[in-house]
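Here the structure is a predicted model, which is why all the values come from computation and not from measurement. The figures that follow rest on heavy atoms only: side chains count, while hydrogens, waters and symmetry mates do not.
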Amino acid sequence: MNSEPKRSLRAHIKTIIGSYSPQQLQAYSHDLQQRLLTHPKVCEADTLLLYHSLPDEPSTHQLIDTLHRQGKTILLPKVISPTQMTIHPYHGASSLTPGAYGILEPNTPAIHLTHIPLTLIPGIAFDATGNRLGRGKGYYDRLLKTLTTYKLGICFPFQLLSTIPTGQYDVLMDEVIY
């Protein structure tokens with residue numbers, strides 16, 4: 001597929017995100033975190049793969065710590081090459097160090113799993129049928145193809161669109177929450 005529609009949509013969403021103050025984005029994140037903490041899939045899962053958010057993504061920092069304090073096993077991805085992420089256990093904020101793209105990543109050894117009950121996945125945009133537009137590097141699409149997991153996309157309300165351009169390698173979400 002021609003990548004220009006995806007590139008244009010990424011730029012458009014970046015402009016929209018930039019029109020919100022950090023306080024507004026934090027308020028959206030707080031509301032989303034509260035819904036996630038009562039979501040049946042989150043409540044049922046003993047192990048979750050999350051992501052340590054960037055400033056332009058729904059914040060997951062407090063969610064990670066809350067779920068970790070609840071005794072859930074929290075896993076976070078780590079970029080190890082231009083095409084690959086690995087999965088690492090989270091053992092608290094002290095186990096994080098800056099990694100690729102400025103993302104805080106675990107400094108714990110990688111673990112190799114093929115089944116994770118629940119994965120929360122960021123995206124630039126999602127649509128109502130579960131399509132996801134990522135940042136364009138394919139990290140999550142490649143990782144998710146190696147896992148059996150319930151894929152829960154999370155986003156700000158303005159990132160849920162009626163339709164988004166997709167390609168043959170894009171992985172469909174099981175659900176999107178905003």
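- Considering Asp170, Asp174, Asp141 as possible partners of Lys151, the one that fulfils the salt bridge (charged side-chain N to carboxylate O under 4.0 Å, His left out) test is Asp174.
- Within the 4.5 Å cutoff, the side chain of Leu76 has heavy atoms near those of the Ile64 side chain.
- Ser59 places none of its side-chain heavy atoms less than 4.5 Å from the side chain of Tyr28.
- Annotation for Arg10 and Gly136: closest pair NH2-CA, 3.2 Å, computed over non-hydrogen atoms.
- Within the 3.5 Å criterion, the main-chain N or O of Gly123 finds a donor-acceptor partner in the side chain of Gln159.
- Taking all atoms of both residues into account, the shortest heavy-atom contact from Met173 to Leu144 is CE-CD1, 4.0 Å.
- In this structure, Phe156 is not a member of the same hydrophobic cluster as Tyr51, with clusters built from ILVMFWY side-chain heavy atoms closer than 4.5 Å.
- Counting all heavy atoms, side chain and backbone alike, Ile116 lies closest to Leu49 at CG2-N, 3.9 Å.
- Taken together through direct or relayed side-chain contacts under 4.5 Å among Ile, Leu, Val, Met, Phe, Trp and Tyr, Ile111 and Leu48 form part of one hydrophobic cluster.
- Ser8 and Glu4 share a side-chain donor-acceptor pair at under 3.5 Å.
- Counting only heavy atoms from C-beta outward, the side chains of Asp56 and Lys14 never approach each other to under 4.5 Å.
- Hydrophobic clustering of Ile, Leu, Val, Met, Phe, Trp and Tyr side chains at less than 4.5 Å, counting indirect connections, keeps Leu9 apart from Leu172.
- When all heavy atoms are compared, the tightest approach of Pro77 to Pro106 is O-CD, 4.0 Å.
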Take Arg69 and Thr66 through the side chain to side chain contact (heavy atoms under 4.5 Å, CB included) test and state the conclusion after the steps.
CA-CA 5 Å; Arg69 281 192 311 273; Thr66 299; 3.4 Å; yes
Worked check of side chain to side chain contact (heavy atoms under 4.5 Å, CB included) between Leu25 and Ile17:
CA-CA 8 Å; Leu25 295 178; Ile17 290 171; 4.0 Å; yes
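- Between the side chain of Arg132 and the backbone N or O of Thr166 there is no donor-acceptor pair closer than 3.5 Å.
- Side chain of Ser21 to main chain of Gln24: a donor-acceptor pair is present (N/O by atom type, distance under 3.5 Å, no hydrogens or angles).
- Using a 4.5 Å cut-off on side-chain heavy atoms (C-beta onward), Arg135 and Leu54 make contact.
- Lys137 has its side chain within reach of Tyr101: a pair of non-hydrogen atoms, C-beta onward, lies under 4.5 Å apart.
- Both Tyr139 and Leu143 belong to a single network of hydrophobic side chains, linked directly or stepwise wherever heavy atoms of I, L, V, M, F, W or Y lie under 4.5 Å apart.
- A cation-pi arrangement is absent between Arg142 and Tyr140 under the rule of less than 6.0 angstrom and at most 45 degrees off the ring axis.
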Pair Thr149-Thr119, side-chain hydrogen bond (donor to acceptor under 3.5 Å, both in side chains): steps then yes or no
CA-CA 6 Å; Thr149 189; Thr119 300; 2.8 Å; yes
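- For the side chain to side chain contact (heavy atoms under 4.5 Å, CB included) with Leu67, the lone residue among Leu120, Ile74, Leu36, Thr60 that qualifies is Ile74.
- Taking the six-membered ring for Trp and the full ring otherwise, Tyr20 and Phe158 have centroids separated by under 6.0 Å.
- Looking at His12 and Thr15, their side chains never come closer than 4.5 Å, going by heavy atoms from C-beta outward.
- Leu104 places none of its side-chain heavy atoms less than 4.5 Å from the side chain of Thr97.
- Under the 4.5 Å side-chain heavy-atom criterion for ILVMFWY residues, no single connected hydrophobic cluster contains both Ile164 and Val176.
- Looking only at side-chain heavy atoms (C-beta outward), Tyr150 and Pro117 stay at 4.5 Å or farther from each other.
- Applying the 6.0 Å contact sphere to CD of Gln70 captures more than 12 heavy atoms from other residues, nucleotides or ligands.
- Between His68 and Tyr90, the ring planes are perpendicular. Angles over 60° get that label, and only those under 30° would be called parallel.
- With Leu118 as the fixed residue, the side chain to side chain contact (heavy atoms under 4.5 Å, CB included) test singles out one of Leu50, Asp46, Thr47, Leu152: Leu152.
- The shortest non-hydrogen separation linking Leu133 to Lys6 is CD1-CG, 3.6 Å.
- In this structure, the side chain of Ser19 engages the main chain of Ile16 through a donor-acceptor pair within 3.5 Å.
- Between Ser95 and Thr108 the shortest heavy-atom distance is CB-CG2, 4.2 Å.
- One N or O on the side chain of Lys72 and one on the backbone of Val42 form a donor-acceptor pair closer than 3.5 Å.
- Partners of His61 under the ring pair (Phe, Tyr, Trp, His ring centres under 6.0 Å) rule, at least two apart in sequence or in another chain, are His52.
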